[in-house]
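Contents: one structure, followed by commentary.
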Amino acid sequence: MMAVAERFEDLMAAARATNWRGRSGRYYALEALPVGQFSLEENSLYLLARGADPLWVGTEADVVGDAARRAAFRTALRVANSAFRIAAPPGEVERMTMAWDLEGAEPVAGLTLT
């Protein structure tokens, strides 16, 4: 799974990365986006947060195809002060697993690449 920052190369590739640790203990290099200007794109997983608290994790398809997820997205967008993107895994189960992991994630401070 290339989206998970388990290797040094994955971390280096994310120039504007913010590191988060999922509830499973996995590390993710998430690309920071301007919260007021980002747009949902296919094949990406998004995390909206307020400080260190994830408010919503999902994809463009979640917003389009599920009314409950769309409502949760709108609510999160109103109060979020940060937005992040990561490439979504190709499989549905893997995508759902990554979303679950990120819903309980926390930012990691002090992680260095040297």
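- From Trp100, atom CH2 reaches atom CZ of Arg23 across 5.0 Å, with rounding to the nearest 0.5 Å.
- Judged purely by atom type and a 3.5 angstrom limit, Asn19 has no side-chain atom pairing as donor or acceptor with the backbone of Val108.
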Check: residues 63-92 side-chain donor-acceptor pairs under 3.5 Å, at least two apart:
unit_1: Asp66; atom_1: OD1; unit_2: Ala68; atom_2: N; d: 3.0
unit_1: Asp66; atom_1: OD1; unit_2: Arg69; atom_2: N; d: 3.3
unit_1: Arg69; atom_1: NH2; unit_2: Val57; atom_2: O; d: 2.2
unit_1: Arg70; atom_1: NH1; unit_2: Val63; atom_2: O; d: 2.7
unit_1: Arg70; atom_1: NH1; unit_2: Val64; atom_2: O; d: 3.0
unit_1: Thr75; atom_1: OG1; unit_2: Ala71; atom_2: O; d: 3.0
unit_1: Thr75; atom_1: OG1; unit_2: Arg78; atom_2: NH2; d: 3.4
unit_1: Asn81; atom_1: OD1; unit_2: Gly51; atom_2: N; d: 2.9
unit_1: Ser82; atom_1: OG; unit_2: Ala49; atom_2: O; d: 3.4
unit_1: Arg85; atom_1: NE; unit_2: Glu31; atom_2: OE1; d: 3.2
unit_1: Arg85; atom_1: NH2; unit_2: Glu31; atom_2: OE1; d: 3.0
unit_1: Arg85; atom_1: NH2; unit_2: Glu31; atom_2: OE2; d: 3.1
unit_1: Glu92; atom_1: OE2; unit_2: Arg95; atom_2: NH2; d: 2.8

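- Counting heavy atoms from C-beta outward, Trp20 and Leu47 have side chains that approach closer than 4.5 Å.
- Nearest heavy-atom pair across Asp62 and Thr59 is OD2-N, 2.9 Å.
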List the atom pairs, donor and acceptor, that lie under 3.5 Å between side-chain atoms in residues 37-46 and the rest of the protein, sequence neighbours left out.
unit_1: Tyr46; atom_1: OH; unit_2: Ser39; atom_2: O; d: 3.3
unit_1: Tyr46; atom_1: OH; unit_2: Glu41; atom_2: N; d: 2.9

